Amino acid sequence: MTTAVALDAVPRIRRGVKCTYDQIRSAHVVLFPEGVLVLNETAASVVALCDGVRSVGDIAVALADEYAGVEPGDVASLIARMVERRVVDVDG
């Protein structure tokens, strides 16, 4: 069951988590104590914007300028999955 994340919640990358580009995989990855997540370009953009300042809604607006068809609910769902994987924390 996926945890719900509100559009006014403010996500931030957890301590000990690193976001980087893996040259060998030719993909963006998130490195965390429990493993590695390989991200597509859009998911990498979402995670990069989880700075502890922007809300989920703000992130969705920023991504809509760059990608067509970005829905705030989809951004919230992705961030909720990142919370479950212990990659991102949310305030609010």
Side-chain angles (χ1 to χ4, degrees):
M1 186 164 131
T2 302
T3 305
V5 173
L7 293 180
D8 63 348
V10 179
R12 69 186 178 292
I13 296 174
R14 286 181 66 117
R15 189 172 179 200
V17 173
K18 181 179 179 185
C19 301
T20 189
Y21 187 80
D22 185 332
Q23 296 291 340
I24 293 175
R25 289 185 177 100
S26 296
H28 296 277
V29 296
V30 174
L31 307 172
F32 58 107
E34 294 84 15
V36 176
L37 288 176
V38 179
L39 304 175
N40 65 26
E41 184 179 340
T42 310
S45 295
V46 170
V47 172
L49 293 172
C50 293
D51 57 9
V53 176
R54 294 177 180 97
S55 70
V56 174
D58 294 338
I59 291 170
V61 168
L63 290 173
D65 291 340
E66 191 172 341
Y67 301 100
V70 172
E71 294 291 331
D74 294 339
V75 173
S77 177
L78 174 63
I79 291 172
R81 290 192 308 271
M82 293 293 135
V83 168
E84 289 179 349
R85 297 294 297 261
R86 302 175 54 105
V87 170
V88 171
D89 284 329
V90 292
D91 295 330

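Just so it is clear, the model here is predicted, and its values are computed rather than measured. Values below: every heavy atom of this structure, side chains too, minus hydrogens, waters and symmetry copies.
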Asker: Report yes if the side chains of C50 and V87 come closer than 4.5 Å at any heavy-atom pair, otherwise no.
Answerer: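 Of all side-chain heavy-atom pairs linking V87 with C50, none is under 4.5 Å.
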
Asker: Test of understanding: with salt bridge (Lys or Arg N to Asp or Glu O under 4.0 Å), list the residues that count as partners of R25, not counting sequence neighbours.
Answerer: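 If we apply the salt bridge (Lys or Arg N to Asp or Glu O under 4.0 Å) test to R25, skipping adjacent residues, the hits are D22.
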
Asker: Quick one: name the residues clustered hydrophobically with V36, using the 4.5 Å side-chain heavy-atom rule over I, L, V, M, F, W, Y, and just say none if it's on its own.
Answerer: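 For the cluster that includes V36, the remaining residues are V29, L31, V38.
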
Asker: Looking at side-chain heavy atoms only, is the closest gap between V5 and P11 below 4.5 Å?
Answerer: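 Not in contact.
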
Asker: Can you run down the salt bridge (Lys or Arg N to Asp or Glu O under 4.0 Å) pairs that involve residues 61-71, sequence neighbours left out, and say none if there aren't any?
Answerer: none

Asker: By the side-chain hydrogen bond (donor to acceptor under 3.5 Å, both in side chains) test, which pairs, at least two apart or in different chains, include something from residues 52-62?
Answerer: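 Those involving residues 52-62 are D51-R54, S55-D58.
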
Asker: Looking only at heavy atoms, what is the nearest atom pair of C19 and V30, with distance?
Answerer: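 What the structure gives for the nearest pair is SG-CG2, 4.1 Å.
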
Asker: Could you note down all residue pairs passing side-chain hydrogen bond (donor to acceptor under 3.5 Å, both in side chains) where residues 30-42 supplies at least one of them, sequence neighbours left out?
Answerer: E41-Y67

Asker: What closest approach, in Å, do V70 and V75 show between heavy atoms, and which atom pair accounts for it?
Answerer: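 In this case the closest contact between V70 and V75 is CG1-CG2, 3.9 Å.
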
Asker: Measuring from D89:CG to I79:CD1, what's the distance to the nearest 0.5 Å?
Answerer: 12.0 Å

Asker: Determine whether more than 12 heavy atoms belonging to other residues, nucleotides or ligands lie under 6.0 Å from atom CZ of R85.
Answerer: no

Asker: Return the set of residues passing side chain to side chain donor-acceptor pair (under 3.5 Å) with D74 (not counting sequence neighbours), or none when no residue passes.
Answerer: none

Asker: Sequence neighbours left out, what pairs pass ring-ring contact (aromatic ring centres under 6.0 Å, His included) with at least one residue falling in residues 27-65?
Answerer: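 Matches after skipping sequence neighbours: Y21-H28.
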
Asker: Report the residues that fulfil side chain to side chain donor-acceptor pair (under 3.5 Å) with R12, sequence neighbours left out, ordered by chain and then residue number.
Answerer: D91

Asker: Pair L39, M82 - check side chain to side chain contact (heavy atoms under 4.5 Å, CB included), show working.
Answerer: CA-CA 11 Å; L39 304 175; M82 293 293 135; 4.1 Å; yes

Asker: Do V56 and P72 have side-chain heavy atoms sitting under 4.5 Å apart?
Answerer: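 SC-SC contact between V56 and P72 ruled out.
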
Asker: Hydrophobic side-chain clustering at under 4.5 Å (ILVMFWY, transitive links): who's grouped with I24? Put none if nobody.
Answerer: none

